[in-house]
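Comments concern the structure below.
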Amino acid sequence: MNTERLTMAQAIVRFLKNQYSERDGVEQPFFGGCFGIFGHGNVAGIGQALQQYPDFRYYQTRNEQAMVHTAAAYAKHTNRMRTLACTSSIGPGASNMVTGAATATINRLPVLLLPGDIFARRNVAPVLQQLESEHSQDVSVNDCFKPVSRYWDRINRPDQLVTSLIESMRVLTSPADTGAVTLSIPQDVQTEAFDYPSALFEKRVWTVPRNRPDAAALQKAAEAIRAAEKPLIIAGGGVLYSDATEALREFVDRFGIPVAETMAGKGSLRYDHPLQLGATGATGTFAAEQVADEADVIIGIGTRYSDFTTSSKTAFKHPDVQFVNINVAEFDAYKHCAIPLVGDARVTLEELGEVLAGYRNGDESVAQAQRLHGEWEAEVQRNYDLHEAESGLPYQGALIGAVNDQGDPDAVMVCAAGSLPGDMHKLWRARHSKQYHLEYGYSCMGYEIAGGLGIKMAEPEREVYVMVGDGSYLMMNTDLITSIQEGYKLTVILMDNTGFRSIGSLSRSLGQGGFGTRYIYPGQVEAAHRNGESFNGLPTDEPGYDVDPLPVDLATNAESLGCHVIRCQSVGDVVQALQDAKSVDRTTVIYVPNDRYLGVPGYSWWDVPVAEVSELDSVNAAREEWEEMRSQERYYI
């Protein structure tokens, strides 16, 4: 057997640059390069290897968590056919990636993590940044990756790498089991040499299969759909990942079944399709809610049925509702005692269509969906046209409309946490399958800018709009620098409402007055404070309370990071800024204050338990409402 003597780190890089993915005859390199921050735990290992092999691109970043978000967004935008590797030093560098790993795994997105680890030979232990355990010599902070990784291994000898790399690729390219893959690489072993088989470094193509469902299950599903009076499709992220959007449109046109979309599935069907009901679940539209409540058969395509999708099990109120689930993951296909169609969304829709030949949804059901579609579109336009709240500040719904209407129609919009996702799930008009990029499986604050960078890296020719609030921006904004350094221009719409708007609204709904959610000085209570009370030294956060925000200038902060900044005061200013930004050759931040109280109405429920006993009457009242809604939760069996 021919061999090559390489360090373990050199072998990793040589292997990664020769891995390819393929589906439907389209072949491409699986890894777009490696993000990394170097320290003593990886600089002489992976760092030296990346320096030695410059044809495997190294990208400098500013935050270990952010680089994993970038890799996850890159993977999502490429329908999981490509990703990036991420390397860190040991200790805090490694543990900083744990949140990113959880985000990737929960969203079923492939990322490869290469955290440095403690010395395998142990003789110099405890090394700098080592977590010691009195119970084992084989524990480090990297063990924290185990529950948030789909595959985890610690490479204590250089020869162990051979089998681990192959297993890593199996998981990364799996349509059902993908997520974060973590290879913990002790800093001493990274630099050790071994005679690796040359075959390990040959080009290897990993075919991503289109698995097909069981034929008997298809027949059973068709029978259930034919017997339905009001069927409804719930389109999830699996529709997008399997390139099934055209198959879904043909299925809907042929059989007349309306569609509601999850956060991950929004864009599965164009917003203007007459059977498009829009967002479903806790952040859903009144159109989707009404049809979901009456539906007797739910056809879930590529969804894992999170509590947001089911409105905490209060949606789908038909007493005999039945589920038909199309999913590559058996775990998700069987949820809610469904008829499971375990397979790729695209081929399963095509084969289900063949079995359903001659079927058509009832005229009354189709007419209802079309009517509700029109009514909801009118409601979206009403929100777009409502430029200002009573406070005189721009309304968030209108700012979303400005970007949606006045931005590049071929662009991608990225967002993650806070109040923006709920409003955008309802209001955003998705014109193509990649226009709406939301990380809401983990709802991770700070994903937005890093995610926007990953999207831009995956498809540089597309415009990318990053929609972010001040809370998320302050948590993780430094990869604005990376976008400028690498020449990947982003257009960031930064909305400043001086605090945590989403949780402020939730807190008020729980009777807690928005406690601790406003960026103000502790103990500051002005004359306009409605009742003069404060909770634990912090004033409540209700409309009409006159408080002075902290003297924080986010626009100047963005300028200090190298961005071009356009300061706005109105929706009209933002419209003009979107046009002006097109002529700027670097990342541009459009800064605009917005009202923190006026939001898009909610039409469904989400279970957030309220304190059972309290000295506050407002909390007790909220508890009564919660108990009433809690009683409506059900099992789908």
Side-chain angles (χ1 to χ4, degrees), residues 230 232-236 258-266 268-269 271 273-296 298 300 303 305-318 321 365 368-386 389 395-398 400-401 404 415 418-430 436 438 440 443 501-506 508-510 597-608 610 622 625-634 636:
K230 285 192 173 181
L232 172 66
I233 292 170
I234 303 294
V259 174
E261 296 172 321
T262 70
M263 278 284 190
K266 192 171 178 70
S268 297
L269 192 68
Y271 82 94
H273 192 285
L275 292 177
Q276 168 64 274
L277 300 175
T280 190
T283 52
T285 71
F286 61 64
E289 180 195 29
Q290 181 174 334
V291 175
D293 284 350
E294 300 171 357
D296 51 354
I298 304 297
T303 176
Y305 291 109
S306 74
D307 65 335
F308 263 61
T309 299
T310 67
S311 297
S312 299
K313 303 297 193 299
T314 61
F316 316 131
K317 290 182 171 61
H318 192 284
V321 65
S365 176
Q368 179 198 35
Q370 292 175 337
R371 173 180 58 80
L372 288 169
H373 166 81
E375 291 174 1
W376 177 252
E377 278 303 302
E379 175 66 5
V380 171
Q381 194 59 52
R382 184 190 71 82
N383 277 271
Y384 281 12
D385 294 340
L386 183 62
Y395 167 48
Q396 184 163 276
I400 292 169
N404 196 215
C415 188
S419 63
L420 274 168
D423 286 358
M424 284 195 286
H425 194 203
K426 296 185 187 79
L427 299 182
W428 189 265
R429 290 167 165 165
Y436 184 89
L438 259 285
Y440 215 67
S443 183
R501 184 181 190 271
S502 175
I503 300 303
S505 176
L506 179 60
R508 292 191 295 275
S509 75
L510 303 178
Y597 300 110
L598 180 62
V600 183
Y603 307 99
S604 297
W605 188 63
W606 183 41
D607 188 346
V608 178
V610 183
E625 295 178 8
W626 176 84
E627 288 177 348
E628 179 182 354
M629 290 302 301
R630 170 69 178 82
S631 67
Q632 299 179 31
E633 294 179 2
R634 59 179 294 192
Y636 304 122

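Numbers here simply count residues along the sequence, with the first being 1. What you see is a predicted model, and the numbers here were worked out from it, not measured in a lab.
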Holding to ring pair (Phe, Tyr, Trp, His ring centres under 6.0 Å), I want the full list of residues that pass it with Tyr440, two or more places apart in sequence or in another chain. Phe308
Is a side-chain N or O of Lys266 found less than 3.5 angstrom from the main chain of Trp428, in a donor-acceptor match? yes
Report yes or no: does Ser631 contribute a side-chain atom to a donor-acceptor pair with the main-chain N or O of Glu628 at less than 3.5 Å? yes
Taking side chain to side chain donor-acceptor pair (under 3.5 Å) as the test, write out the residues that go with Thr283, two or more places apart. His425
Who pairs with Gln370 by side-chain contact (heavy atoms from CB on, under 4.5 Å), at least two apart in sequence or on another chain? Pro274, Leu275, Val366
Polar side-chain atom of Ser365 near backbone of Lys230 as donor-acceptor pair, under 3.5 Å: no
Hits for side chain to side chain donor-acceptor pair (under 3.5 Å) against Tyr603, two or more places apart or cross-chain, chain-then-number order -> none
Report the residues that fulfil side chain to side chain donor-acceptor pair (under 3.5 Å) with Arg634, sequence neighbours left out, ordered by chain and then residue number. none
How would you list, by chain and number, every residue that makes a salt bridge (charged side-chain N to carboxylate O under 4.0 Å, His left out) with Asp293, sequence neighbours excluded? Lys317
Tell me every residue that passes salt bridge (charged side-chain N to carboxylate O under 4.0 Å, His left out) with Glu625, counting only those two or more places apart in sequence or in another chain. none
Evaluate Glu379 against Arg382 for salt bridge (charged side-chain N to carboxylate O under 4.0 Å, His left out), listing each step before the verdict. CA-CA 5 Å; Glu379 175 66 5; Arg382 184 190 71 82; 2.8 Å; yes
State whether the side chain of Ser311 and the backbone N or O of Ala282 hold a donor-acceptor pair below 3.5 Å, judged by distance alone. yes
Side chain to side chain donor-acceptor pair (under 3.5 Å) partners for Trp376, two or more places apart: none
Qualifying residues under side-chain contact (heavy atoms from CB on, under 4.5 Å), relative to His373, sequence neighbours excluded: Gln276, Glu377
Flag, side chain of Glu261 to backbone of Ser268, donor-acceptor distance under 3.5 Å: yes
Residues forming a side-chain contact (heavy atoms from CB on, under 4.5 Å) with Thr303, sequence neighbours excluded: Ile234, Thr262, Tyr305, Thr309
Qualifying residues under side-chain contact (heavy atoms from CB on, under 4.5 Å), relative to Glu375, sequence neighbours excluded: Phe286, Arg371, Leu372
